Amino acid sequence: MVRAGLEAHVTGRIIASAEVLHPRAVRRHVPGAADFAGRLAGVKVEAARRRGKYLWLDLADGQALLAHLGMSGQMRVQPPGAPDEKHLRVRFTFADGGPELRFVDQRTFGGLALADLVDSGGTPVPDTIAHIARDPMDPAFDLAVAARALRARRTEVKRALLDQTLVSGVGNIYADEALWRARLHWARPTERLTAAQARAVLGAAADVMAEALAAGGTSFDALYVNVNGQSGYFDRSLNAYGQAGRPCDRCGTPIRRDPFMNRSSFSCPRCQPRPRGPR
DNA sequence: GTTCTTTCCTGCGAGC
DNA sequence: TGCTCGCAGGAAAGAA
């Protein structure tokens, strides 16, 4: 959705300037903020692309402007002169004098960087994210291959789902929802997944992502390119994540919260029984 | 080579 | 009322 907004509002335009208002926003651009701004001035934007949680703009000079929104990042298109957002981090102006592109990020987990484009399985991607796997919504995503890779891991299934080198775009929320749909407990050892279970949980992840994307689209308008996490989908459609104590939508058993990697995992104790026995 | 832990940051809500 | 505390999230880097 964010990608589509950028495609519609930024593609074909020439960047006039990039103003970095918070150095942390470009911390992953190693040469620094001045280099970042200097190399973007006068460059044309050719396309907007996405892989997993990364988003980037193809630039006419063969580079890419790479963005990760973290959890609080937004890309906004605003008329010049619109009041600065409280957490405005980077402002892009364009040679046509039209709307600005703004990177806004409260918690500064997100960031921007410039990268060279390299080939990854026939697709040009920024070199710094070439290790990131295709996401389940990518037309070239191969479910059978990903399912085999998932079963080849030696860890808990949720840890594997969150590993972006195996499958990308799945975060804590989508992982819990996919596991609920596939009726798998988050701690199930990957080596004990059947082939059908591995395919099911990955397919469920794809479904959840597609539904979230479709729901997020409802709040899109010309001036608000990002659809940030809080939109309707999260309140209405979650079966497991954040639902501790509420009845499971399948069986009515209260959803349980477990500590997991310094955060939480939510699951139905009845539909998703904890694995037993030795690994 | 693979897997696991720590750390970055800010706003919010709960509890005192 | 105002303070502190814990929590939320993704991924890089270092540790095991």
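In this text the structure is predicted, and so the values were computed from the model without any measurement. Both backbone and side-chain heavy atoms feed into the values below; hydrogens, waters and symmetry mates do not. A, B, ... follow the sequence lines: proteins, then strands. Residue 1 opens every chain.
- Taking the charged nitrogens against the carboxylate oxygens, A/Glu177 and A/Arg181 have no contact shorter than 4.0 Å, which rules out a salt bridge.
- If you check distances only, the side chain of A/Arg107 does reach the base of C/dA8 with a donor-acceptor pair under 3.5 Å.
- Interface remark: the A/Arg263 side chain does form a donor-acceptor pair with the C/dG10 base, using a distance-only criterion of under 3.5 Å.
- Looking at the side chain of A/Arg154, the nearest of the listed nucleotides B/dC8, B/dG11, B/dT3 is B/dT3.
- For the pair A/Glu156 CD and B/dT2 C1', the interatomic distance rounds to 15 Å; values are reported in whole Å.
- Close to C/dA11, at under 4.0 Å from its OP1 or OP2, lies a side-chain N or O of A/His68.
- Between the CG atom of A/Asn172 and the C1' atom of C/dG10 there is a distance of 10 Å, given to the nearest Å.
- Taking only side-chain nitrogens and oxygens, A/Lys86 never comes nearer than 4.0 Å to OP1 or OP2 of B/dT10.
- Under 4.0 angstrom from either OP1 or OP2 of C/dA12 there lies at least one side-chain N or O belonging to A/Tyr54.
- Residue A/Ser264 has a polar side-chain atom (N or O) positioned under 4.0 Å from OP1 or OP2 of C/dA8.
- Close to C/dA11, at under 4.0 Å from its OP1 or OP2, lies a side-chain N or O of A/Gln164.
- Between A/Arg151 and A/Glu191 there is no salt bridge, since none of the side-chain N atoms of the basic residue sits less than 4.0 Å from a carboxylate O of the acidic one.
- The residues A/Asp176 and A/Lys158 are annotated as salt-bridged, a charged nitrogen and a carboxylate oxygen being separated by less than 4.0 angstrom.
- A donor-acceptor contact shorter than 3.5 Å is absent between the side chain of A/Arg199 and the backbone of A/Ala146.
- For A/Gln106, the listed nucleotide lying nearest its side chain is B/dT10; candidates were B/dT10, B/dT3, C/dG10.
- Put simply, OH on A/Tyr174 is 10 Å from P on C/dG10, counting in whole angstrom units.
- As a whole-Å value, the separation of A/Phe109 CZ from C/dA12 C1' is 12 Å.
- At a threshold of 4.0 angstrom between heavy atoms, the contacts of A/Arg27 with the nucleic acid are absent.
- Under 4.0 Å is where a charged nitrogen must lie from a carboxylate oxygen, and between A/Asp142 and A/Arg134 no such pair does.
- As rounded to whole Å, 9 Å separates atom C1' of B/dC9 from atom NE2 of A/His22.
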